[in-house]
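Single-structure report; data block below.
For reference, positions follow the sequence shown, starting with 1. Counting convention: from 1, in listed order, for ligands and their atoms alike. What's counted below: heavy atoms across the whole structure, side chains too, no hydrogens, waters or symmetry copies.
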Amino acid sequence: MPYLDEGDGMKKVEAIVRPEKFEAVKAELEQVGIKGVTVYQVEGRGEQLGMEFTHRAGKFRVDMLSKVKLDVVVEDKDEQKVVDAIVRGAKTGEFGDGKIFVSPIQRAIKIRTGEDWRYAIEP
Ligand SMILES: Nc1ncnc2c1ncn2[C@@H]1O[C@H](COP(=O)(O)OP(=O)(O)OP(=O)(O)O)[C@@H](O)[C@H]1O
Ligand SMILES: [Mg+2]
């Protein structure tokens, strides 16, 4: 069956947030009815290449910072709702608040029931 790259279907919203904001993000997602989520502990860097600290002994740099990554796969209609919920939970306004990436998902299978959801060009 042919796949469409885009269109009516599903999106994966990947978000990288501050670990201390994870609980707030989780609560915001729950608030808008999002149930399924995968979470990873990750390390990363952004525009500032980590963070510089000043100490008595001088300056030092931590070039990879601990972050939490979330994957949420939703129907297209819920994409913006998920993005908004993540931003509400994760934003402080300071450098390092994180990033959100959205991409199309072609197929999702629920193992228990065999429910199989894929993008297909209408016949
Ligand atoms: N271009 C990117 N590709 C993949 N991951 C990224 C990218 N930019 C940031 N990240 C991930 O997001 C985390 C948080 O990044 P951060 O919020 O510092 O982004 P930023 O672009 O530097 O924004 P800000 O200027 O607000 O700090 C990083 O630790 C990294 O894991
Ligand atoms: Mg940054």
Side-chain angles (χ1 to χ4, degrees):
M1 198 181 283
Y3 287 124
L4 284 178
D5 284 340
E6 293 183 54
D8 287 345
M10 292 170 286
K11 291 287 186 342
K12 176 166 65 178
V13 181
E14 295 175 79
I16 298 144
V17 304
R18 299 178 189 276
E20 62 269 31
K21 286 293 185 184
F22 171 66
E23 286 297 326
V25 171
K26 199 173 68 175
E28 292 290 347
L29 287 171
E30 205 173 312
Q31 198 69 37
V32 295
I34 301 301
K35 293 173 180 166
V37 58
T38 303
V39 181
Y40 321 66
Q41 291 185 306
V42 297
E43 293 190 329
R45 70 202 307 201
E47 299 281 334
Q48 294 79 23
L49 302 179
M51 209 169 164
E52 200 168 74
F53 296 88
T54 307
H55 185 261
R56 275 176 306 168
K59 283 184 182 174
F60 65 101
R61 167 166 291 280
V62 175
D63 79 339
M64 298 295 276
L65 298 172
S66 290
K67 298 285 172 182
V68 167
K69 180 168 183 271
L70 300 91
D71 286 354
V72 185
V73 173
V74 291
E75 291 181 52
D76 281 354
K77 67 173 176 56
D78 290 331
E79 173 186 342
Q80 193 58 44
K81 188 166 87 176
V82 168
V83 169
D84 291 343
I86 293 168
V87 171
R88 273 199 304 280
K91 186 168 176 173
T92 70
E94 304 293 324
F95 291 129
D97 274 354
K99 304 264 275 210
I100 300 173
F101 304 105
V102 180
S103 46
I105 284 282
Q106 290 189 322
R107 193 176 176 195
I109 300 104
K110 187 191 277 249
I111 293 173
R112 176 174 61 86
T113 59
E115 178 189 340
D116 187 341
W117 193 16
R118 66 177 90 196
Y119 284 164
I121 295 168
E122 291 298 323

Practice task
Mind checking the CD-CG spacing from Glu14 to Leu70? Nearest 0.5 Å is all I need.
Solution key: 10.5 Å
Practice task
With Asp97 as reference, evaluate Lys91, Arg18, Lys21 under the side-chain hydrogen bond (donor to acceptor under 3.5 Å, both in side chains) test and give the passing residue.
Solution key: Arg18
Problem - Neighbouring protein N, O or S atoms of the Mg ion (ligand 2) [cut-off: under 2.8 Å, no waters] - result: Gln48 OE1
Practice task
Evaluate whether atom CD of Glu30 has more than 12 neighbouring non-hydrogen atoms of other residues, nucleotides or ligands under 6.0 angstrom away.
Solution key: no
Completion exercise
Per the under 4.0 Å non-hydrogen criterion, ligand 1 touches Ile16, Gly44, Arg45, Gly46, Glu47, Gln48, Lys67, Phe95, Gly96, Asp97, Gly98, Lys99, Phe101
Handout entry: Any residue meeting side chain to side chain contact (heavy atoms under 4.5 Å, CB included) with Lys26, in chain and number order, not counting sequence neighbours
Key = Phe22, Glu23
Practice task
Without swapping roles, check the side chain of Lys67 against the backbone of Gly96 for a donor-acceptor pair under 3.5 Å.
Solution key: yes
Handout entry: Same apolar cluster (I L V M F W Y, side chains within < 4.5 Å links), Ile109/Ile105
Key = no
Handout entry: Hydrophobic cluster identity match, Val102 and Val37, side-chain contacts under 4.5 Å
Key = yes
Practice task
Provide the full list of ring pair (Phe, Tyr, Trp, His ring centres under 6.0 Å) pairs with a residue in residues 59-114, sequence neighbours left out, each pair given once.
Solution key: Phe53-Phe60
Practice task
Establish whether Met64 and Met51 are linked, either directly or via other cluster members, by ILVMFWY side-chain heavy-atom contacts under 4.5 Å.
Solution key: no
